[in-house]
Amino acid sequence: MTPAIQTAKASYRSLLRELPRRTLNAPTPLQTRIRDLYNQQPSHTTTTTSQETKEDIYLRRIDEANQFAEYAKAQRVYAELVERYNPGMTLDEEERIRLTARRVGLDLPIEADGKEGKNN
């Protein structure tokens, strides 16, 4: 197995690791598209400054995929850290106020519903 193929497999696995998890066994359209991109053979193109081989183009595309995998990993870690250090970020205003009061040792009074207030 050539080093380019080994690098491509490692790159492919790192990309798949960073994709959101799904419980279904079938691959997602994004996973299918990524697999198709890895299976494509690079077309032979020439640039104005130098002659690039198919292997050079292939390695450059793999390097771009690795950069994207690193970016996706950094974004995932960032989201986890934001959630960890700001746990009330996703709460609604009422729940946030209640938890803030409990943090300092207070309980909010129980609000009476409109129906209960009329009967009393």
Side-chain angles (χ1 to χ4, degrees):
M1 196 178 309
T2 66
I5 292 173
Q6 291 175 338
T7 305
K9 285 184 178 183
S11 170
Y12 177 71
R13 279 189 229 108
S14 67
L15 271 174
L16 290 183
R17 247 183 258 119
E18 297 308 323
L19 292 177
R21 305 284 188 264
R22 289 191 49 175
T23 57
L24 303 175
N25 290 333
T28 64
L30 181 58
Q31 290 172 338
T32 305
R33 179 69 177 132
I34 290 172
R35 180 178 284 264
D36 291 345
L37 288 173
Y38 273 90
N39 287 333
Q40 281 181 1
Q41 293 299 321
S43 60
H44 186 65
T45 58
T46 58
T47 60
T48 56
T49 58
S50 66
Q51 186 84 8
E52 288 185 313
T53 64
K54 288 183 179 182
E55 180 120 355
D56 292 339
I57 295 169
Y58 192 65
L59 290 174
R60 189 177 69 228
R61 286 170 61 188
I62 291 172
D63 198 33
E64 289 172 356
N66 286 332
Q67 288 177 3
F68 180 75
E70 286 295 318
Y71 173 76
K73 180 179 179 181
Q75 289 298 308
R76 180 179 50 80
V77 169
Y78 172 75
E80 289 173 1
L81 290 173
V82 166
E83 181 63 31
R84 180 185 302 165
Y85 292 109
N86 300 303
M89 188 174 75
T90 58
L91 300 176
D92 62 348
E93 191 65 27
E94 255 182 53
E95 187 69 12
R96 188 176 315 185
I97 291 170
R98 187 184 70 76
L99 290 176
T100 302
R102 296 223 27 202
R103 187 176 297 137
V104 297
L106 301 174
D107 284 328
L108 291 179
I110 298 173
E111 294 182 16
D113 290 337
K115 295 176 185 176
E116 291 176 11
K118 290 180 183 175
N119 293 339
N120 292 338

Q) If Ile, Leu, Val, Met, Phe, Trp and Tyr residues are connected whenever their side-chain heavy atoms lie under 4.5 Å apart, and connections chain through other members, are Tyr85 and Val77 in the same group? A)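 Linked, Tyr85 and Val77 end up in one cluster.
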Q: Say whether Phe68 and Leu16 are linked into one hydrophobic cluster, either directly or through other cluster members, by side-chain heavy-atom distances under 4.5 angstrom.
A: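 Yes, it is one cluster - the side chains of Phe68 and Leu16 are joined through contacts under 4.5 Å.
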Q: Determine, stepwise, if the pair Ile34 / Gln31 fulfils side-chain contact (heavy atoms from CB on, under 4.5 Å).
A: CA-CA 5 Å; Ile34 290 172; Gln31 290 172 338; 5.8 Å; no
How many angstroms lie between atom [atom1] of [X] and atom [atom2] of [Y], to the nearest 0.5 angstrom?
X	Y	atom1	atom2	result
Ile97	Leu99	CD1	CG	10.5 Å
Gln6	Lys9	CD	NZ	8.0 Å
Leu59	Glu64	CG	CD	11.5 Å
Asn86	Leu91	CG	CG	11.0 Å
Glu18	Glu70	CD	CD	8.0 Å
Ile62	Ile57	CD1	CD1	12.0 Å

**Q.** Side-chain ion pair, Arg98 and Glu94, N-O less than 4.0 Å
**A.**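 Result for this pair is no, no salt bridge flagged.
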Q: Could you tell me whether a side-chain N or O of Ser11 sits under 3.5 Å from a main-chain N or O of Thr7, the two making a donor and an acceptor?
A: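 Between the backbone of Thr7 and the side chain of Ser11 there is no qualifying donor-acceptor contact (under 3.5 Å).
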(Q) Could you work out, with salt bridge (charged side-chain N to carboxylate O under 4.0 Å, His left out) as the rule, every residue matching Arg102, not counting sequence neighbours? (A)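 Salt bridge (charged side-chain N to carboxylate O under 4.0 Å, His left out) list for Arg102, sorted by chain: Asp107.
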Q: Let me see the working for Arg84 and Glu80 under salt bridge (charged side-chain N to carboxylate O under 4.0 Å, His left out), right down to the final yes or no.
A: CA-CA 6 Å; Arg84 180 185 302 165; Glu80 289 173 1; 5.6 Å; no
(Q) Does Arg33 have more than 12 heavy atoms from other residues, nucleotides or ligands lying within 6.0 Å of its CZ? (A)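 At most 12 heavy atoms, drawn from other residues, nucleotides or ligands, come within 6.0 Å of this atom.
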